[in-house]
Every structure is written in C-alpha cells, then in structure tokens.
Amino acid sequence: MTEAAKKKKSHAPKYRNPKRYRLDFIKENTFNRIWTVRMTRGKVWLATTTFIASVCALILVIVLFTPVRQLLPGKMERDIRARYLETALRLDSLEQVTRARNAYLENITAILTDKIDANEAVTDPGSAYNDSLLAASDAERRFVRQYESEERFNLSVLAPIAAEGMIFYSPAGASATVGDDGDPQTMTISSGKTTPAQAVYRGTVISVITDMDGLSTVTVQHPNEFVSIYSGLREVFISSGDKVAAGQRLGHTPPDRPLVYRLWHSGSSLDPEDYISLEN
C-alpha cells in the first residue's frame, strides 16, 4: 500500500453504528416471533419517562378527583369531619350514660342481695354524672353576676363607637316617663295608660315570647350587633322574622303595666339612657 493510500485511509470518516435494543415476544410452543420492538437508547429513555409520567398522572387524578383524597391528612371534608366529631361526642355521652346505668344496676343488685345498705346506694341512675340542664346553684349565679358586672365595662367600651351614625328612637311615646327601678341597665317606661312600644331602630324581630301571665317579650336585632328587648306587652303586632323600621309600632302594654326596655351590644347590657332619649 502506497503512502498516499495510507494517508487517504486515515482521513476516511469512521461510521459508528448506534446501539439498538430489541424486545421480542416469541411463542414458546412453536418459537414463532409474534411481536418485535426495536428501539435505540434514546427511545428507551423516552418510553420509560413516558410510562413513569403516565403512572404519576393517573395517581394524581385518583387522589384529586375521587373519594380517596379524604384519606389524606388534612383533606377530609368539613361535613364529614363534623359528623365524625358529632359521633365522637355522642359516643362519649353514651359511655357516661352506660356507666351510670351500670352503677345503678350494681347498686340495685347489691341491695337485693343484702350486700349494701339502701341508704348508701345510688338508686338514681342520673345522679352518677352532672346534668347540664340542672338549675344553677347560688354560687354559680353569684359568679355569673360578678362576671357580667366585670365584663360589662370591658365590652361596652366598643358600644359608643358602634353607635356612631345611628339615631335611636324612643321605645315609647313622647309623653311617657322613665321610672327608677334601681337597675341602670333597664328602662322602665309608663304613661299612666296603655304604653306603646316602638322599634328604636330598624332591624329584624328574632323572637316573640309569651309568659304565663299572657305578657310578651319582643327581641329585635339591629345593625352593628345591637339588640333591643321590649317586655310587658299585652298585644304584639309583629311576629318572629319580620323586618321593622325605626319608630314602627311593635305592640303595647296593659294600662297597669309599664314597658320594660333593655339595650344590648355584643352580649353586654348597656344603659339605654346613654343612647336613647324619650323626646324623639
């Protein structure tokens, strides 16, 4: 080989055959090739990536659009969580009642078998736990009065700010007079005859309650969390859920009974005379 031929051969381009992969599906009985897949390295990586992405997308769809998402932490629906909580509370109450019933039955059994004195036994199944519907004791009532007297001054500070721009009408006629019943949070109004009751401001009637004497108490919800209470009404011209305007007649008292008016703001009793004048 001449020197020119060697030089020409050394400069000839080298051909590199890319690596290829083949996947054959062969029938074992006859050894016939059923399906062949040929791919390069790039196609193998592309197919693998596509498969993994498809699996991830499928899992994401199942988690987001099926009830499976409720099994994830923090993804439980509010109504289901509320039902679970209610069920847990019911189970707790049922457990307390069951313990009380068991104690009751054990005591009755012990009494019948002369194993315990009847005076020392618990024969009332409801006495084994505290009933939230029982009447409050004197200590509880004293605590509530003390708490209200202390918190009233803390909460009522915001009432004048909330009342800015609100003009309250008189809860009764202009000829009515305010009596002194010793309670600064109560306005007792009488006119010597039938005393009318009118809305001090626009609002919504939230309750109309009649007592055993046939006298009604009307509660009206006003804007800015103000609530008016009218007590001692013989006749009522509105019903629960009605919208009332300022100065609208709600009812009237009998001739021998005064109108008792109370004003509340955000759960705190106020002095009505600080916000309402009988001149309007």
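What's counted below: heavy atoms across the whole structure, side chains too, no hydrogens, waters or symmetry copies.
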Exercise. Please lay out, stage by stage, how Met166 and Asn224 fare under the test side-chain contact (heavy atoms from CB on, under 4.5 Å).
Key: CA-CA 9 Å; Met166 300 177 65; Asn224 299 338; 3.2 Å; yes
Quiz item: In Å and rounded to the nearest 0.5 Å, what is the OG to CG distance from Ser231 to Leu215?
Solution: 9.5 Å
Self-check item: Derivation of the side-chain hydrogen bond (donor to acceptor under 3.5 Å, both in side chains) call for Ser190 and Thr195
Solution: CA-CA 6 Å; Ser190 60; Thr195 304; over 6 Å; no
Quiz prompt | Side-chain touch Phe226/Leu263, heavy atoms, less than 4.5 angstrom | solution = yes
Quiz item: Just how far is it from atom CZ of Phe168 to atom OH of Tyr275, taken to the nearest 0.5 Å?
Solution: 8.0 Å
Quiz prompt | Distance in Å, Thr36 OG1 paired with Asp24 CG, rounded so as to fall on 0.5 Å steps | solution = 4.0 Å
Quiz prompt | Aromatic plane relationship, Phe25 with Trp35 - under 30° parallel, 30 to 60° tilted, over 60° perpendicular | solution = parallel
Quiz item: Can you name the closest pair of heavy atoms from Val227 and Thr219 and give their distance?
Solution: CG1-CG2, 3.5 Å
Self-check item: Short side-chain donor-acceptor distance under 3.5 Å, Tyr261 and Thr186
Solution: no
Quiz item: Just wondering, more than 12 heavy atoms not from Phe31 lying within 6.0 Å of its CZ?
Solution: no
Quiz prompt | Pairwise side-chain contact, Val218 with Ser207, heavy-atom cut-off 4.5 Å (strictly under) | solution = no
Quiz item: Does the side chain of Tyr230 come within less than 4.5 Å of Leu259's, by heavy atoms?
Solution: yes
Quiz item: Taking it one step at a time, do Trp45 and Thr50 satisfy side-chain contact (heavy atoms from CB on, under 4.5 Å)?
Solution: CA-CA 9 Å; Trp45 281 106; Thr50 303; over 6 Å; no
Exercise. Determine, step by step, whether Met187 and Glu273 satisfy the side-chain contact (heavy atoms from CB on, under 4.5 Å) criterion, reporting the C-alpha distance in whole Å, the side-chain angles of both residues, the deciding distance to 0.1 Å, and the verdict.
Key: CA-CA 7 Å; Met187 179 181 287; Glu273 296 186 9; 3.7 Å; yes
Quiz prompt | Thr113 to Ala110 - nearest heavy-atom pair and separation | solution = OG1-O, 3.2 Å
Quiz prompt | Ion pair Arg90/Asp92, N-O distance below 4.0 Å | solution = no
Quiz item: If you measure from CZ on Arg99 to CG on Leu94, what distance do you get to the nearest 0.5 Å?
Solution: 10.5 Å
Exercise. Rounded to the nearest 0.5 Å, what's the gap from CD1 on Ile167 to CD1 on Ile276? Could you check?
Key: 13.0 Å
Quiz item: Between CZ of Arg262 and CG of Leu270, what distance do you get to the nearest 0.5 Å?
Solution: 13.0 Å
Exercise. Please check if any side-chain donor atom of Gln221 sits under 3.5 Å from a side-chain acceptor atom of Thr204, or the reverse.
Key: no
Quiz item: Val200 and Val236: same hydrophobic cluster, using ILVMFWY side-chain contacts below 4.5 Å?
Solution: yes
